[in-house]
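First comes the structure, then the notes that go with it.
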Amino acid sequence: MPSTGRLTRADAEAMDAADELALLRGEFLLPGGIVYLDGNSLGALPRRTAERVREVVEREWGRDLIRSWNANGWIDLPARVAGLVAPLIGASADEVAVADSTSVNVFKLLAGGLRLRPGRRVVLSEEANFPTDLYVAQGLSRLLGDVELRLVPRGSLRAALGNDVAVLLLTHVDFRTGEIHDLAGLTRAAHDAGALALWDLAHSAGAVPVDLGGCEADLAVGCGYKYLNGGPGAPAFAFVARRWHSALETPLSGWMGHASPFAFDTRYEPAGGVARLLCGTPPVLSLAALECGVETVARAGIEGLRRKSMALTQLFVALVEQECRAFGFALASPREAERRGSQVSLRHPKAYAIVQALIARGVVGDFRTPDILRFGFAPLYLRFTDAWDAVAALREVMENREWQRPEHQARARVT
Ligand SMILES: *Cc1c(COP(=O)(O)O)cnc(C)c1O
């Protein structure tokens, strides 16, 4: 990006022409006329997924029926997808399970983590953590009776790591601001205090490289439908460091996590390693779609994706400051690209209506309460000219006061 002078659309075009990942966009089915800045909430549809799901439905389910569990490898699908996710998060394939939702995996690993720290009854998290993580911790606390969820502001986490803390529960990339936590440093601080660290990688996996192994992380969960492009409600993943494999107990001890499900034993005996984190029968159609989604990330390479993502968000921030200075936006994300994930968030008192007006113009971002406009930059399929066009639309929405139209005021169920 040119460091001086006014940026023009031609600058963005030049960045697209020089982009080594530009061709990957062709692997996705994206509607015309849309600038899609919500791949952090629901990744776009890979072309291959549409074909593959059709094949699994018609040939494997329709024709081969129940034989497919063996003949078409359905039973191996969770482990196969886990093997694709593992390198993106610095894990070994045998440390990752693909199952259930992120919320359910938080429940399993938080309960498991508490049992690994007997005598300690506090789960420490931050007030700004993603609500489902906090809600699940609250539910577990009610279930167990003697567990306290302690919430502190971001800056007080280290000081709050007392000798009663069993698990530090944090989201790596903040869902509102995109700010990145120091995963290595906070994991070390948790260990120094005798606690375990459980990381939620929902906004990291597929966009920000994570080195769980190098950071000696204990436990982690993450989402399949955001940057991993697995489709709406895709299965999630769970990571357990190998050193905890024999000791970790899951409270959802279902038959698919049994050492030998088809022995139909009366007594539960956990499978070795992370396989015990499977609970019920794997959702084959969703896993087939997730496999295609994760493959798009794996083929591109996470390091190159991160470089492009930082360049995209940097361009967007510079353009907002150049084009929209007059309209009262404040940058809610860290200014330095290294400190934020693959999103840029702006604050504005009329954030909801502005986001609706942008969507009406084909620029799809989202609103997060109370005053955040959130723009996700999935580097697999976004262009630098998309950043330009989005800011040009934002400027017009503000100049023409399009956000004041009555149809942009009513809140939908999903924002
Ligand atoms: C999106 C997201 C989730 C989603 O959880 P689900 O169980 O899939 O609904 C969880 N945690 C964080 C931090 C998220 O951003």
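Reckoned from all heavy atoms, side chains included, excluding hydrogens, waters and symmetry mates. For ligands, and for the atoms within them, numbers begin at 1 and follow the listed sequence.
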Just jot down the ligand 1 atoms closer than 4.0 angstrom to any heavy atom of [X], in number order.
X: S101; result: 7 (O)
X: T171; result: 13 (C)
X: T132; result: 10 (C)
X: H203; result: 15 (O)

Tell me which protein heavy atom sits closest to [atom], plus the residue, atom name and distance to 0.1 Å.
atom: atom 14 (C) of ligand 1; value: K226 NZ, 2.7 Å
atom: atom 11 (N) of ligand 1; value: D200 OD2, 2.7 Å
atom: atom 5 (O) of ligand 1; value: T102 CB, 3.5 Å
atom: atom 8 (O) of ligand 1; value: Y225 OH, 2.8 Å

Inset, instruction - Examine K226 relative to F130 and say whether NZ or CZ is less than 6.0 Å from the centre of the six-membered ring and inside a 45° cone about the ring axis. - result: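 Yes; both conditions hold, so K226 lies above the ring face of F130.
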
Inset, instruction - Please determine if R368 forms a cation-pi arrangement with F175, meaning its NZ or CZ atom is less than 6.0 Å from the six-membered ring centre and no more than 45° off the ring axis. - result: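 Not flagged: R368 not positioned over aromatic ring of F175.
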
[X] and [Y] ion-paired at < 4.0 Å:
X: E55; Y: R52; value: yes
X: D174; Y: R340; value: no
X: E179; Y: R154; value: yes
X: R48; Y: E51; value: yes

Inset, instruction - Could you tell me how the ring of F316 sits relative to the ring of F375: parallel (under 30°), tilted (30 to 60°) or perpendicular (over 60°)? - result: tilted

Legend entry - Within reach of ligand 1, part of S103 (heavy-atom separation under 4.0 Å): both

Legend entry - Residue part near ligand 1, for D133, under 4.0 Å between non-hydrogen atoms: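 Contact part for D133 vs ligand 1: side chain (C-beta onward).
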
